[in-house]
K.L.:
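Pasting in a structure now, in structure tokens, and then I'll have a few things to ask.
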Amino acid sequence: MTFLDEIRQIEKKWQKKWQKDQIFVGKIDHSRPKWFVTLPYPYAQGPFHLGHARTYNLGDVFTRFKRQRGNNVLWPMAFHITGTPVLSVSWKIKNKDESEWQKYRDYVSIYEDDKEKIEETVATFGEPENVATYFANKIINDFLRMGFSIDETKQFTTGDLEYNKFIEWQYGILNEKNLITKGNYPILWCINDKNAVGEDDIKDGDESKVEVNEFVGIKFALDNGVFLVAATLRPETIFGATNVWIHPEANYEEIKMDNERWIVSEEATMKLMEQDHKIAVLRKLKGKELVNQEVIVPITRLKIPIYPAAFVDTDHATGVVYSVPAHAPYDYAALVDLQRDEETINDYNLNRDRLEDIKPISLITVKGYGVFPAVELCEKLGVKSQNDKEKLEKATQTIYKDEFYSGIMKENTGEFKGLKVEKAKDVIADKLRENNLAAEIYETSREAFCRCGAQIIVAVLQEQYFLNYGDEKWKETAFKALNSMNIIPEKYRLTFKNTFDWLDKRPCVRKRGLGTEFPLTKGEGWIIESLSDSVIYMAFYTVIQIIRENQIKPEQLKPELFDFVFLNKGSIENVMESTAISEDSIKEMKGSFEYWYPNDFRHTAITHISNHLSFTIFHHVAIFPEKYWVKAFSLNENLLNNGEAMSKSKGNVIPIAHIPEKYSVDLTRLHLASVATADSVLDWRESEVNYAQLRLKRFWEYATSVTNVEKKEIELSFPSKILESSVNSNLKKSLDAMENYNVRDYILNAFFTNLRAIDDYVKLSEHIPKEETDTVLRNIIEKMMLVMSPVIPHLCEELHERMKNEQYISLTEIPDITVSEEDKAYALQAKYLTNLQEDIEQVIKLVKSTPKKIHIYINAEWKNKLYDLAQRIFKDEAVNIGKIMTEAKQVSDLSNHMKDVSDIAKLMMKDPSIFRIEMISSSQQQRAVEEYKEFLNRTFKGAEIIIHTEDQKVSYDPQNKARKSRPMKPALLLE
RNA sequence: GCGGGGAUUGCCGAGUGGUCAAAGGCGCUGGACUUAGGAUCCAGUCUUUAGUAGUUCGGGAGUUCGACUCUCCCUCCCCGCACCA
């Protein structure tokens, strides 16, 4: 049986035991500090993969660690089903969308081999609940299979009736506190379904995002007072308008628009009707009817003509465009075309002189361009006509960007001169609107179609409900909460800050999707938006089980109950009376909430900072008193598979369900947690996983070789002592790293560094009695095991059991570790010896011959004194020879070595790092080398090791090496 | 554009004022084991050299006794920018 097979069996064995004994179920215990941890509940739309595993794995390591450090832990889990994606999946499955079917066949085949069974299962996905239920079950199984120490007895979904009641309560409070406001809001809208659409409702919506663009519809007055409304994204260019373009052959309509008369394209009328206007069509007309008429330009009051142009798209905004040939490439090209187009001029009977007179009007100065940027760019790109779409598109983009960010308004723009375009744009639009010369017109950023085939336009919803995150008081309190929270890693606090600053009104209800009906507009079909219903639910974990066990019905879950349980408002008598829930149940709920809350630690991926996690803070401060605000957020970056993002199209997704067999649970856990810090992108590379596997195997071999060794006190040799000391100090570093939630350093120190120490020990322990090495190894493994059990719990449980322990290691406390002075001294000696060995090796390499004798000269103690002195007086300043000589003269041990002192001082000045070191005395150095002598002798192929000390009389020193010895760096002579 | 993050030795990636020529891994080279090995183990891996010295951490300037680490400027890369979970 291979190593992996062996540990896979062990993993299953312990998962079964944990499950059977329900050891991770959170139970109230007032004798221990509680620690309530949450990770965002998954949205069950498909299988979870290695990327999710990274996040939950880190959560589990933290949780297990806390549990093993004496905390009473609760880590519950639930599922999110609110929103539209699941609906969209079901719709496609029901409508036999082949690519969706295939996608879900692939998903189900992760868990199921039987082809028929797969088809049957996918067929059930026509019902949204079935999708959610199926994947929720799979995900929780995957998690348990990863050994995550979750309490799965407190599960619920956001579609549960009990949960709906809880959310209704939440929104009641938000409403009471005036944090919900109403207003108009533009959204993407299917004209067939008469409904809002999300990304997954739009054809190719995931590949090319559709956005809402806000145009300024500028009203150009005709002689009869009717407005020809031209839409633009660049209202500031109104000063450069030379004429208006319309499509001569297209259909336009004169409409009664609120209290005005407008002319816009037929298509525009239809769109405007959905944008909160009162509209009646007065008459239909062809574009050409308008040609040659004149309109008045707002602000400038110039009269300009209307000309025909084929490039005008009547299905884009109003289908009317005003021409700014100086700054708009399309306009310039169309103007040039028209001026040379005899046929059109004749057809529409255009006034030739008037047309010839039209010259671009420049109104913006922009660095890198002359007076007429559009003219310039058209010439540069070789635009031939207005049909040169590709080049014109490019020119338009370029000029838009350059002028927007670095353009300045010219003299001829009156009060706006000198303004940056970026600013002028808004100021001018505002001014136009104030004077009733412009109106907002919304358009999609690209032509888009619903999956039903109908066109998607922008509609303006009236009386839309918003969460008013812009509310000053609310924001202020949220900041207060943020400031008192622990954000891990700390660097992400800034992202929260920026998010808070930027947060403003946010629509919180939708017309579509699963979820909780909005309580303020019952019966109107408004559903609470999915990110807004998942922000305080951690509180719900503390009561759901009690609700279920006592068979409390959803309708009994009235606001007054939650007020009492969560906010300690009202009286139990009143609650009992209005809800008919027993006193015991209410007390139990309240007790449970008050015991577990607040949420001490919430871990997730960084993508949630700018939405979910920020909202969580906002809603907590709105609903709960300060003592119940979330204590800490912990975050991790995402994951790549061999340098690439995992995606269905690349076929490189590793589902969690494949992990146990493809790798092994503990191997995956170890590698995920140790290969990258939480705040860096983790690149999962097979060759590196392989390394982790070899190390894990090595650990397993060391460990299993000593599980039967008896514990006893024995006299330890020098290498054994060094090993114990270094393992001890590594474990200490490891625990310290976890204080800062640095899991990577935790594992590096506790596992990888210690394994190397053991490797080194084994190499030099050939002549140490097996009884001693076994005992030492067992002691060390036992300690490592405990510290490592949050990371590789299965293997550690097994070893723990083989070492005849009754209790689960998962429930065994990791003790504090202290590093004694003795440990430190051993560590320094070990370092000293390593350096010595390296020095010898280096010299051997250089001389390219095998030495028969190795003379080691250990420095005199006065040199240590000199180093100490230098460290003291040159702590924060440059080495000064005069100063050190003066000081040294005062010290008796040094004053008789002044010649040498001056030589060393020169060295120190050149390289101050030589004395800024931790040292051991020369006698300690000597002892260390003595202890190591035999090992050195063996390592260097039987070379005789001769130790000399500078303090005593050096018997043999032909090259006068002893003088060169320095603290921690003995001089060498190889012969 | 705004906001954030980043640029380290062949590659990936630690390191945030001094034991740093810079952890660890990958790759490569040599050795061991072996019928074989794309397995495993051991060692080496900037240049130079009796353990020394020199040149490095995107480019440029500065602060400091001392900078990969701090400040400023520049170049390039990645991520977020709202109703989407």
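Reminder, nothing fancy here: chain letters follow the sequence lines and each chain counts from 1. Everything numeric in this text was worked out from a predicted model, so none of it was measured.
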K.L.:
Check every strand shown and say whether A:Leu694 touches a base, only sugar-phosphate, or nothing at a heavy-atom separation below 4.0 Å.
P.N.:
sugar-phosphate
K.L.:
Identify whether any heavy atom of A:Glu918 sits under 4.0 Å from a base atom; if not, whether one sits that close to sugar-phosphate; answer base, sugar-phosphate or nothing.
P.N.:
base
K.L.:
What is the distance, rounded to the nearest whole Å, between atom CG of A:Asn638 and atom P of B:A85?
P.N.:
20 Å
K.L.:
Looking at every strand, decide which applies to A:His612 at a 4.0 Å heavy-atom threshold: base, sugar-phosphate, or nothing.
P.N.:
nothing
K.L.:
With a 4.0 Å cut-off on heavy atoms, is A:Asn498 in touch with a base, just the backbone sugar-phosphate, or nothing at all?
P.N.:
sugar-phosphate
K.L.:
Roughly, in whole Å, what's the span from CD1 in A:Ile917 to P in B:G18?
P.N.:
16 Å
K.L.:
Rounded to whole Å, please give me the gap between NZ in A:Lys497 and P in B:G3.
P.N.:
12 Å
K.L.:
Could you check whether A:Leu973 gets within reach of a base, just the sugar-phosphate, or nothing at all, counting any heavy atom under 4.0 Å?
P.N.:
base
K.L.:
My understanding is that a pair needs two contacts under 3.5 Å, Watson-Crick or G-U wobble. By that rule, which nucleotide pairs with B:U52?
P.N.:
none
K.L.:
Are any non-hydrogen side-chain atoms of A:Ile528 and A:Tyr171 less than 4.5 angstrom apart?
P.N.:
yes
K.L.:
Touch check for A:Asp504, heavy atoms < 4.0 angstrom, all strands: base, sugar-phosphate only, or nothing?
P.N.:
base
K.L.:
If you check the A:Arg506 side chain, which of B:C83, B:A43, B:A85 turns out closest?
P.N.:
B:C83
K.L.:
Output the single nucleotide from B:A85, B:C12, B:C81 whose closest atom is nearest the side chain of A:Thr84.
P.N.:
B:A85
K.L.:
Base, sugar-phosphate alone, or nothing: which one does A:Pro970 contact when heavy atoms must sit under 4.0 Å apart?
P.N.:
base
K.L.:
Heavy atoms only, 4.0 Å cut-off, all strands: where does A:Asn611 land among base, sugar-phosphate and nothing?
P.N.:
base
K.L.:
Toward the 5' end of RNA chain B, which comes first, A:Asn742 or A:Thr495, by nearest nucleotide?
P.N.:
A:Thr495
K.L.:
Checking contacts here: which listed nucleotide (B:C83, B:C41, B:G51) is nearest the side-chain heavy atoms of A:Arg698?
P.N.:
B:C41
K.L.:
For atom P, what is the distance between B:G18 and B:C12, given to the nearest Å?
P.N.:
26 Å
K.L.:
For the side chain of A:Leu531, starting at C-beta, report the closest nucleotide among B:C84, B:G80, B:C65.
P.N.:
B:C84
K.L.:
Any base atoms under 4.0 Å from A:Ala971, or only sugar-phosphate, or nothing? Heavy atoms, all strands.
P.N.:
base
K.L.:
Taking any strand in view, what nucleotide pairs with B:G1 in a Watson-Crick or G-U wobble way, both distances under 3.5 Å?
P.N.:
B:C81
K.L.:
Given the C1' atoms of B:A61 and B:G13, what is the spacing between them in whole Å?
P.N.:
29 Å
K.L.:
I need the CZ-C1' distance between A:Phe940 and B:A43, as an integer number of Å.
P.N.:
12 Å
K.L.:
On the 0 to 90° scale, with breaks at 30° and 60°, tag the A:Tyr41-A:Tyr163 ring pair as parallel, tilted or perpendicular.
P.N.:
perpendicular
K.L.:
Across the strands shown, which category fits A:Thr677 at heavy-atom distances under 4.0 angstrom: base, sugar-phosphate, nothing?
P.N.:
sugar-phosphate
K.L.:
Using a 4.0 Å heavy-atom cut-off, does A:Arg744 contact any base of the nucleic acid, only the sugar-phosphate backbone, or nothing at all?
P.N.:
base
K.L.:
Can you tell me how the ring of A:Phe496 sits relative to the ring of A:Phe500, calling it parallel under 30°, perpendicular over 60° and tilted otherwise?
P.N.:
perpendicular
K.L.:
Scan A:Leu494 against the nucleic acid and name what it touches under 4.0 Å (heavy atoms): base, sugar-phosphate only, or nothing.
P.N.:
sugar-phosphate
K.L.:
Describe, in one word, how the ring planes of A:Tyr867 and A:Phe915 are oriented to each other, choosing from parallel (under 30°), tilted (30 to 60°) and perpendicular (over 60°).
P.N.:
perpendicular
K.L.:
Select base, sugar-phosphate, or nothing to describe what A:Arg756 touches, counting heavy atoms under 4.0 Å on all strands.
P.N.:
sugar-phosphate
K.L.:
If you look at every strand shown and take non-hydrogen atoms under 4.0 Å, does A:Lys969 touch a base, only sugar-phosphate, or nothing?
P.N.:
base
K.L.:
If I take atom CZ in residue A:Arg966 and atom P in nucleotide B:G51, what distance separates them, rounded to the nearest angstrom?
P.N.:
11 Å
K.L.:
Given B:G6, B:A50, B:C42, identify the nucleotide with an atom nearest to the side chain of A:Val843.
P.N.:
B:A50
K.L.:
With RNA chain B as reference, determine whether A:Leu748 or A:Thr607 sits nearer its 5' end, using the nearest nucleotide of each.
P.N.:
A:Leu748
K.L.:
For A:Tyr857 and A:His855, take the angle between the two ring planes, folded into 0 to 90°, and tell me which bin it lands in: parallel under 30, tilted 30 to 60, perpendicular over 60.
P.N.:
parallel
